[in-house]
Amino acid sequence: AAESSDGEEEDLVSYGSALQPLQEGERIKKPVPLQEQTVKDAKGRYQRFHGAFTGGFSAGYFNTVGTKEGWTPSAFVSSRQKRADRTILGPEDFMDEEDLSEFGIAPKDITTTDDFASKAKDRIKEKARQIAGVVAPIPGTTAFDDLIGPSKITVGVELLRKMGWKEGQGIGPRVKRKPCRQKPDPTVKIYGCALPPGLSEGSEDEEDEYQPENVTFAPKDVMPVDLTPKENVHGLGYKGLDPSQALFGVSGREHLNLFSGGSEETSNLLGDLRHSNGRKLGITGQAFGVGALEEEDDDIYATDTLSKYDTVLKDEEPGDGLYGWTAPKQYKSKKRPEREFKYIGKILDGFSLASKSSAPSKIYAPPSLPRNYRPVHYFRPVIAPGNENCQLQKALEESAGKLESDPAQQSRHALNAAQRREQLGETELKGPAPSILEYLSEKDRERLKEIKQASEQQMKAKIVSQQSPNSRFQPASPEDAAHKWQMLLGGQLANAGSSDFKPFAKNPEKQKRYENFVKCLKKGEKDTLERFLDPSMTEWERGREKEEFFRAAVFYRASNSTLSSRFTRAKYEDDVDKVEVPRDQENDIDDKETAVKMKMFGKLTRDNFEWHPDKLLCKRFNVRDPYPDSSVVGLPKVKRDKYSVFNFLTVPEPTTSVTQATNEKIQESNNLNKAKKPSRWDVSDKEREKKDSISEFISLARSKADGQQQPPVPATEARGTGPSETLPTLVANEDKNQEEESGRPPMDLFKAIFVSSSDEKSSSSEEETDEEQQPTTSEREPEATKQVDVPDSSSSNVQESVAATTDSGISSLPTSKQELDAPEEFGPKLPPAFSSGRLCKHLDRKEKHRKIRERHKTKKEHKHKKEKKKKRKKQKNKGKHKNKKPEKDSSSDTTDSSDSLSDMDTTGLSPKELLRR
Amino acid sequence: GSIDSTVRCWDCRSRRPDPIQVLDEAKDGISSVKLSAHEILTGSVDGRVRRYDLRTGQLCSDYIGSPITSVCFSKDGQCVLAASLDSTLRLLDKDTGELLGEYTGHRSTAYRLDCVLNEQDTHVGCASEDGHVYFWDLVEGSLALSLPVGQGVVQSLAFHPRLPCLLVATQGQVTLWREDTFQPE
């Protein structure tokens, strides 16, 4: 429009600058398309925008800052060497130059600082802030708001200013005079430098005097009402330590302002009121120290400190400010009753102050405590005086100080530590009951050793007494034992059974029994020893417990208690008298070895245990946890009694008796083996026969069987001879042992037990030899070999008899196993609460019965057995792999057919006939 | 398996250095450890073959007597082959522990020698101290092959799980044996 016409140039108003006139032949510049418009910084570098919302651009070269290489990390400089010139980096050090430019985030142009920008502060705001500062949870924190928030002059303030308002004035029409004069607080003493609040008005008022009448004043500034709710738990009207007072002593009694000469800024920050009127009052404060011209020299270093505040609720002394911790003496020593209670506050209408104070209530002094009183209560067990344990009671009374022991009676040196402690009034150190051997002196140990030896003899004596068949499993008679122990213990028992030795503390009943027992023992009542033992226990248990008591009594010595007081009781009770052992243990390998020699792998050599795999292990094996509920890992453990008499004894393993027992088992199992497995695995037996007496016997039987089917040397007789030969010698031994009461190894006990138990059986079998047993054993072998030779023989009764014989072998197998187990129960590994004696005898009898029954009973029994056998075979065959059992095909089907046949055949046949078949 | 009579199971997935379970039932050093899908089979110098069944949570301990040198499962997982220092290999039924076969003829008295089953469970093999590898017919128990592989003790023996292929280590030599008809490519 500007170039439209030259003629109208004057009339037109031109906006903007004219475009350059196009030169000849020049093409009109195309506008740069939007996508090609780029933003470049001052150095021509592209700036890439990052997004609509962030609006930022990348810093430096591809999001790195500065150079093409990006950040240049500063090399590490040890601050140890260069500590002095360590520079403090400000935010500017991390900024680009663009940031510091006019349009950057931190422009470096000249701006008005706060000091100059808002000379006049918002007074109302300031006051509100002051109030808030007092009310705030941390008093004075709002003072720091100034550091952060910029002070701005709002539009309202600006408007007010234009209307003639000045800071410090109230808003409203000007008034003639102040409606009321604010008097300074009379309690506040004003000494000097700092202007107390309200003084500004006061000074105005004072100036007021000189003003002419027609001068009006702006209305007084109104403090905004504090509407902040009370959120804290302070008392009503409580004010925290005012920082302006506490730090600078602006007002109040201690008014010393250390920073009065300081910078204006700090005063500003803390809302100092000195500048309220924009002028100084010309009062200079004290610096450190008193000037020569100053008169006042008291309390120059005093500041308002927390120690001057009451931390304890108490009655305030009325009056003149001479109270508190700096109060003079006469104030403090003033007696309470004499002090006049004076009501200081306003008195309500209709009430008047009482002229006479009410009579003070009489206060009785508390009773004076005895000099040696200690405010600690001990719980002491109450013991009935009629009880037998007067020793215990006496000890308790002694410790309680009831029973004053006569000092004249005992010499000083005769006192033990406990008595001295008692006389000195020291508390008893609570130690554990003395655990035994560790505390003993050398001499005592020797004595113990002797006792142990003696006790071993005692045990042997007991063993000897057990050899008599009737009282086999009973301990030595109580009289004997008691007498022996009495002799052994001698005077040592005098100390035993005192209160602080409780070997069976965990079992109170047992402990009680023990105490009674010891007391009895001391008195020498041998016959009554037994009656303290638990009558419900078995004979064996009672014997064992008695033994335990004896030992416990021996181990105790009174002086140990003093030693034990040096140790403290364990905080967490651990079972000291229990041992953690695997619940199942791989049992004795003796019989296993024999079984291995006979190639009797399987049940005899196998131990099955419950075993808990780790959860994670199951997971890794991808197997479900078999025991999802149990936390046990590995073999489950059980706790066993450690404090057992048998722990003190070492008894050799009953090996020979085992072989005796395994003898039959092996023989029978060999038959079984042969019947079942007529394979080449037996070939190597021939070599072993020479070494083994057992197999020798078997080979004998076999050779006989091979030679002819006549009845050979009866196997049972051969079997029976062993025990029967040993029997008389044993009987002789018994007599001898009972006289000696010592010297014989405990082996004999086992031998006696086992031999005699099998002896009973063998004698019973001897009775029956003429009936069936003899032919049975004799024919067993030939039949078996026959079967081996002619496996496909059509005679099913052969098979049947084989089945029967093997069956008997099997059925007697468990019994022999039981016999095997039974002896072990008398050995040292016996679990504590097992009444083995009865059980074993019972077992023996039962076995005998069973044997007899087996032999005498007829078809029914046989049938039953056969069924069992069938089951067994089936079980076995199930587990087998086909190609591994060559004999399976031949044996299994024949047995099946024979079984079906035998059911019919057996009816009406005597067992003898059956076996013959 | 360790000479300290423990078998330790580590978790390879975690970086924990300590084992997740220690099987410390053996009374003497472990000479051989084999795994099946859910079992851990160990042979120990204390003369026992222990089989930890994770699925049923049972430990079956079979007493052999002589120190076990090597154990292995049959391919069908029904049997356990155990070589012991009495120069005997024993084939045991896994479930009952019964003896299914016994193989002798080789010499194994001092060294820890390996025993193997071939890829079809038809033969049982064992290294020997006389420089041979012996193979027995599994069912018959008869010696099928005595393969001379060296002069000294055959220290290690491994059979291919699927092919008739035997790897033998003796006196610093490792030799690979194939069947006669084998044509190397």
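We use all heavy atoms of the structure for the numbers below, so side chains are in, but hydrogens, waters and symmetry mates are not. The chains referred to below are lettered A, B, ... by the order of the sequence lines, with proteins before strands, and numbering in each begins at 1.
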task = Output yes when a side-chain donor or acceptor of E98(B) lies under 3.5 Å from a complementary backbone atom of F601(A), and no otherwise.
result = no
ask   = Near E179(B) CD, under 6.0 Å, is it more than 12 heavy atoms from other residues, nucleotides or ligands?
value = yes
inquiry  = Report which part of D24(B) has an atom under 4.5 Å of a heavy atom belonging to chain A: side chain, backbone, both, or neither.
reply    = neither
query = Can you name the closest pair of heavy atoms from D95(B) and R606(A) and give their distance?
reply = O-NH1, 2.8 Å
ask   = With distance as the sole test, does Q21(B) use its side chain to make a donor-acceptor pair with the main-chain N or O of H612(A) at under 3.5 Å?
value = yes
ask   = Ignoring hydrogens and geometry, is there a side-chain-to-backbone donor-acceptor pair from Y627(A) to G57(B) under 3.5 Å?
value = yes
task = Please check if atom CG in L176(B) has more than 12 non-hydrogen atoms from other residues, nucleotides or ligands closer than 6.0 Å.
result = yes
ask   = Considering residues, nucleotides and ligands other than K619(A), do more than 12 of their heavy atoms fall under 6.0 Å from its NZ?
value = no
inquiry  = If you apply the rule side chain to side chain contact (heavy atoms under 4.5 Å, CB included), what do you find for D607(A) with Y63(B), and how did you get there?
reply    = CA-CA 8 Å; D607(A) 294 310; Y63(B) 184 78; over 6 Å; no
task = Please check if atom CD in Q173(B) has more than 12 non-hydrogen atoms from other residues, nucleotides or ligands closer than 6.0 Å.
result = no
Side-chain donor/acceptor of R620(A) to backbone N/O of C9(B), under 3.5 Å = no
task = Identify the two heavy atoms, one from E39(B) and one from F621(A), that lie closest to each other, and give their separation to 0.1 Å.
result = O-CE2, 4.1 Å
query = For R16(B), does the CZ atom sit with more than 12 other heavy atoms under 6.0 Å from it, leaving out its own atoms?
reply = yes
ask   = Once you round to the nearest 0.5 Å, how far does OG1 of T605(A) lie from CG of L92(B)?
value = 7.5 Å
Within 6.0 Å of CG in N622(A), more than 12 heavy atoms from elsewhere = no
query = Distance from L635(A) atom CG to Y52(B) atom OH, nearest 0.5 Å?
reply = 7.0 Å
ask   = About how many Å separate CG of L616(A) and CZ of R13(B), when rounded to the nearest 0.5 Å?
value = 9.0 Å
request  = Check the pair I20(B), K615(A) against side chain to side chain contact (heavy atoms under 4.5 Å, CB included), reporting the backbone distance first and the verdict last.
outcome  = CA-CA 9 Å; I20(B) 54 176; K615(A) 302 236 180 309; over 6 Å; no
task = Pick one of side chain, backbone, both or neither for T88(B), based on which atoms fall under 4.5 Å of a heavy atom in chain A.
result = neither
Heavy-atom pairs under 4.5 Å with chain A, option from I64(B), D11(B), T56(B), L54(B) with the top count = L54(B)
